[in-house]
Engineer: 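Attaching a single structure in C-alpha cells format; questions to follow.
Both counts, for ligands and for their atoms, begin at 1 and track the order of listing. In this text the structure is predicted, and so the values were computed from the model without any measurement.
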Amino acid sequence: MKIIDGKEIANQIKEEIKKDVAALIDADKKAPHLAAVLVGEDPASQTYVNSKEKACKRIGMTSSVYRLPEATTEEELLETVDFLNKDEEVDGFIVQLPLPQHIDEDKVIQRINPAKDVDGFHPVNLGRMMLGQPAFLPATPHGIMQLLERSDIDTEGKHCVVLGRSNIVGTPVSVLMSRKAKPGNATVTLCHSRTNNLEEVIKTADILIAAIGKQEFVKADMVKENAVVIDVGIHRVEDQSRKKGYRLTGDVDFEEVSKKASAITPVPGGVGPMTIAMLLLNTYKASQNEIY
Ligand code: NAP
C-alpha cells in the first residue's frame with residue numbers, strides 16, 4: 001500500500017513556483033501578487049487567510065489582505081471587488097468564503113474578473129473547465145488531479161466514484177476525472193445523498209474520491225481490494241492527548257481502509273496541503289497571463 005504524501009507533493013510544487021518567481025525577480029519583473037478579502041471574524045477563515053499570506057511570502061510572492069467588518073454591506077463588498085479587478089498591482093484575488101448571510105455569494109463571485117479569479121469559482125472559469133478550455137481550476141479538485149498525476153496513478157478507463165457533489169470539490173473533480181486528458185479519461189459516477197445502493201456503488205470504484213463531509217464514513221467493507229482512495233474530508237476530533245486538544249480525521253476510516261487500498265491519502269497530509277499550493281500556482285499563472 002502506498003501513502004500518497006500530499007505534504008511532500010505540495011512542497012515540490014511550491015519549490016517549482018518559488019524558482020519561477022525568483023526568475024521573474026532576477027529579470028527585474030514584478031513578483032506575482034495575491035490579494036484576499038476577508039469579511040467578518042470567522043476564526044477558520046482567518047486561519048486560512050493567514051496561511052495563504054505566509055505561503056505567498058515563503059515563495060517570494062507578495063500579498064495583501066482586505067479585512068472588512070462583519071457588517072459590510074453587499075454593495076461595499078462589490079466595490080472592493082471592483083477595486084481589485086482594476087488594481088494593476090493585483091494579479092489574482094480571492095474572496096474568502098463563507099460570507100456573512102446578508103451577502104449573496106454568487107453575486108460577489110460573478111463580479112470577480114475571471115482573469116483574476118484564482119479560486120476558479122467564477123462561472124466563466126467553471127464553464128471553460130467543463131469545455132476543456134484553459135481555465136483557473138478550483139484549488140481542491142486541481143490538487144487531487146496533481147496528486148494522482150505525480151503519484152503515477154493510472155486513471156484511464158478506470159471507474160472513479162466521487163462521493164459528494166459540492167460546487168467546490170465533488171462536481172468539478174468529477175468533470176476533471178472524466179475529461180479527455182491525462183490524468184482523466186476515467187468513467188465517473190457522482191454520488192450524493194439521493195444515490196440508491198450507495199455502498200454497492202462505492203464497492204465498484206477503482207478510484208474513490210470521498211468528499212462527503214461525514215467523519216470516517218467510508219469503511220473497509222465498502223471498498224474494493226486495491227482501490228485508490230482520495231480522502232478530501234477534514235474533521236476535528238477532540239483528543240486531549242494532543243497538544244492542540246484535537247486531531248484531524250477524514251471522510252475515510254484510514255486505519256481500516258489503508259489495509260485494503262493500493263494507494264491512499266492520509267488526513268492530515270493528503271489533499272489539504274495541495275489546496276494552497278494550487279492557489280499559488282493559479283496566482284503565478286495569472287501574473288503571466290497564462291490562462292487569459
Ligand atoms: P459539502 O458541501 O458538505 O457537500 C457534501 C456532499 O456529500 C453533498 O453533495 C451531499 O449530498 C453528500 N452527502 C452528504 N451526506 C451523504 C450521505 N450520507 N450519503 C451520500 N452523500 C452524502 O461538501 P464539501 O464542501 O465538498 O466538503 C466535503 C468535505 O471535504 C468536508 O469534510 C470539508 O471539510 C472537506 N474539504 C476539504 C478541503 C481540503 O482542502 N482538503 C477543501 C474543501 C472541503 P447532497 O448534495 O445530496 O446534499
Side-chain angles (χ1 to χ4, degrees), residues 3-11 13-14 36 42-45 47-52 55 94-99 105-106 109 118-121 126 129 136-148 160-177 188-205 208-219 221-223 229-237 246-254 257 264-282:
I3 300 275
I4 300 176
D5 187 344
K7 206 170 164 194
E8 172 63 28
I9 296 173
N11 282 340
I13 294 170
K14 285 191 264 185
D42 178 54
S45 295
T47 309
Y48 293 140
V49 167
N50 289 343
S51 343
K52 289 166 189 174
I94 60 156
V95 177
Q96 185 66 46
L97 303 178
L99 290 171
E105 279 185 4
D106 289 342
I109 290 169
V118 286
D119 254 344
F121 292 161
L126 290 169
M129 177 191 76
F136 288 119
L137 301 178
T140 305
H142 191 189
I144 294 169
M145 301 309 283
Q146 285 284 321
L147 283 179
L148 293 169
C160 173
V161 173
V162 179
L163 273 183
R165 58 176 161 186
S166 74
N167 288 341
I168 60 166
V169 187
T171 296
V173 84
S174 73
V175 171
L176 293 173
M177 286 298 286
V188 178
T189 304
L190 180 57
C191 300
H192 43 75
S193 65
R194 311 297 160 89
T195 299
N196 288 335
N197 307 321
L198 183 65
E199 293 195 17
E200 281 166 36
V201 179
I202 297 173
K203 230 177 237 170
T204 62
L208 176 65
I209 301 176
I212 190 174
K214 297 256 181 296
Q215 188 188 327
E216 298 185 339
F217 178 91
V218 177
K219 302 288 181 193
D221 59 4
M222 299 179 189
V223 176
V229 180
I230 305 292
D231 187 354
V232 185
I234 305 179
H235 307 276
R236 273 188 187 195
V237 184
Y246 67 87
R247 65 191 157 81
L248 296 179
T249 61
D251 287 349
V252 175
D253 186 333
F254 182 86
V257 174
I264 186 167
T265 57
V267 177
V271 175
M274 295 298 287
T275 303
I276 289 189
M278 294 301 105
L279 176 67
L280 298 173
L281 185 61
N282 276 352

Engineer: Ignoring hydrogens and angles, write down the donor-acceptor pairs under 3.5 Å from the side chains of residues 272-280, residues two or more places apart or on other chains.
Structural biologist:
{"residue": "Thr275", "atom": "OG1", "partner": "Thr140", "partner atom": "OG1", "Å": "3.3"}

Engineer: Could you report the tightest heavy-atom contact between Leu190 and Gly170, atom names first, then the distance?
Structural biologist: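 In terms of heavy atoms, the two residues are closest at CD1-O, 3.9 Å.
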
Engineer: Heavy-atom count around Lys14 NZ within 6.0 Å, excluding the residue itself: above 12?
Structural biologist: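 Yes, the 6.0 Å shell around NZ holds more than 12 heavy atoms from other groups.
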
Engineer: Calculate, to the nearest 0.5 Å, the distance between atoms CZ and CD1 belonging to Phe121 and Ile109 respectively.
Structural biologist: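 Taking CZ in Phe121 and CD1 in Ile109, the distance rounds to 6.5 Å.
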
Engineer: Taking all heavy atoms of Val201 and all of Asn196, pick out the closest pair and write down the distance.
Structural biologist: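 Taking every non-hydrogen atom into account, CG2-O, 4.0 Å.
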
Engineer: Between Thr265 (side chain only) and Ile4 (backbone N and O only), is there a donor and an acceptor less than 3.5 Å apart?
Structural biologist: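 Here the side-chain-to-backbone pair does not exist.
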
Engineer: Hey, which residues fall under 4.0 Å of ligand 1 on heavy atoms?
Structural biologist: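 Close residues (ligand 1, cut-off 4.0 Å): Thr140, Gly164, Arg165, Ser166, Ile168, Val169, His192, Ser193, Leu198, Ala211, Ile212, Gly213, Lys214, Phe217, Val232, Gly233, Ile234, His235, Asp251, Val271, Gly272, Thr275.
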
